[in-house]
Asker: 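Encoded as structure tokens, here's the structure I'll be asking about.
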Amino acid sequence: MDDSVETVSDAQLMARLAGGERAALALLVRRHQRQVFQLAYRTTGDHVLAEDIGQEAFLRVWRYAKRYESTAQFTTWLYRIVVNLCLDAFKRRRPITGDVHANGDVEPARQVGTIEAGERADAVQRAVAALPDRQRLAVVMHRFSGLAVRSIAEATGWSESAVESLLVRAYAALRRALQELEKK
Amino acid sequence: MACPQDNKILRLVGGELAGAEERDFRRHLAACPVCADALEALSSTWNDLGAWQIETRDADVVERVLGQAEAQEVATHTPTIMAVFTRGWLRIAASIALAAGLGIVTGTLVPPGRVAQDSASSAVSADDELINALGLDELATPSATRLPLAFEPVAAPNGEAES
């Protein structure tokens, strides 16, 4: 493969992957793993689970490459896989409250910048984690993955109005939760 | 948020409104305090959420994914022990069925009631053919009447042999 990684589109890589070129998979993983991991982590609150979800998502990309239709945007297709894996994970595991260690302690958000910023990040993580699953998934995709309402609807299979409703309720709940934390 | 323009506020904050649609909505915001308050609240929450940055760990799953893909590819092309076992038994069963079928067609296998008679005669017949083929028919004739006699019987005038 002599093309520059940047110039090859996702759809082209998928076509190569469907043709059996496994190197195309490596490029797709490198290009999207960060976004996939962040979506899975913010949604599940578990680093190990998020990595497992990311790994399984790309394996499914490889497995079902021949079914991919280039008319669909690759990222929407990929996010749909990740969303399904996250929804499956919700069914299997306990409610999330951030990273939960074996002893039951909750790992605070990884600190970035000052201590105050770290505390703020921790508060946001807890507030997001406290949302119902579907609201959390919608708000993570909207606020952190930067997906438009229509893209979220396509990735989740929910209607646009359902996504909007979830987002309105989620942001309202987050606002209340963050105001409560500020008062303390 | 009670204003029916909730969806527009979401899209504006999410950067989805543009052009004439954005202009029209901003005009509405200037005239609607409910929507203006809702926009301010959502913008504030949106900015607060930005505090949650995730450190990207060295979670490079490329090698793991490629390794798994290769392993699964090999697995799909390599029959499992169970598959080999099952396929082996199927072959044996098919062979037995084929042999039984051929046996019935050629008469080697017959219904139980005819076994003794037919197998005895066919065994004798097969023996005879073998003996004839080897040129031993004079030495190995099973019937006593066909043994070479030490003397020639003399035919009596009435046709009876003398003892």
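Every chain is numbered from 1 and lettered A, B, ... according to where its sequence line falls, protein lines coming before strand lines.
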Asker: Check each atom of B/E63 against the heavy atoms of chain A and say whether the ones under 4.5 Å are side chain, backbone, both or neither.
Answerer: side chain

Asker: Answer with side chain, backbone, both or neither: which region of B/Q68 has an atom nearer than 4.5 Å to a non-hydrogen atom of chain A?
Answerer: both

Asker: Can you tell me which residue pairs pass the ring-ring contact (aromatic ring centres under 6.0 Å, His included) test with a partner in residues 145-164 of chain A, sequence neighbours excluded?
Answerer: none

Asker: Do A/H142 and B/L10 have side-chain heavy atoms sitting under 4.5 Å apart?
Answerer: yes

Asker: Check B/R11 with A/E160, please: is the shortest side-chain N to carboxylate O separation under 4.0 Å?
Answerer: yes

Asker: Is it true that A/R150 and B/E16 make a salt bridge, defined as a side-chain N closer than 4.0 Å to a carboxylate O?
Answerer: no

Asker: Answer yes or no: is there an ion pair linking B/D48 with A/R120, defined by an N-O contact shorter than 4.0 Å?
Answerer: yes

Asker: Show me the donor-acceptor pairs, under 3.5 Å and distance only, between side chains in residues 29-46 of chain B and residues at least two apart or in other chains.
Answerer:
| residue | atom | partner | partner atom | Å |
| --- | --- | --- | --- | --- |
| B/S43 | OG | B/L39 | O | 2.8 |
| B/T45 | OG1 | B/A41 | O | 3.0 |

Asker: Please name the residue in the list B/D6, B/I9, B/L49 that meets the side chain to side chain contact (heavy atoms under 4.5 Å, CB included) test with A/Y171.
Answerer: B/L49

Asker: Can you name the closest pair of heavy atoms from B/A69 and A/R22 and give their distance?
Answerer: CB-CD, 4.3 Å

Asker: When rounded to the nearest 0.5 angstrom, what is the spacing between CD in A/E164 and NZ in B/K8?
Answerer: 10.5 Å

Asker: Taking all non-hydrogen atoms of both residues, which atom of A/A121 and which atom of B/A51 are closest, and how far apart?
Answerer: CB-O, 3.3 Å

Asker: I'd like to know if the side chain of A/Q125 reaches the main chain of B/W52, judged simply by a donor and an acceptor atom lying under 3.5 Å from each other, with no hydrogens or angles considered.
Answerer: no

Asker: Apply side-chain contact (heavy atoms from CB on, under 4.5 Å) to the pair B/Q53 and A/V124, showing each step before the final yes or no.
Answerer: CA-CA 10 Å; B/Q53 299 296 317; A/V124 170; over 6 Å; no

Asker: Heavy-atom pairs under 4.5 Å with chain B are the metric here; pick the option from A/V149, A/L25, A/L28, A/L174 that has the most.
Answerer: A/V149

Asker: Hey, what do you get for OG (A/S165) to CG (B/N7), rounding to the nearest 0.5 Å?
Answerer: 11.0 Å

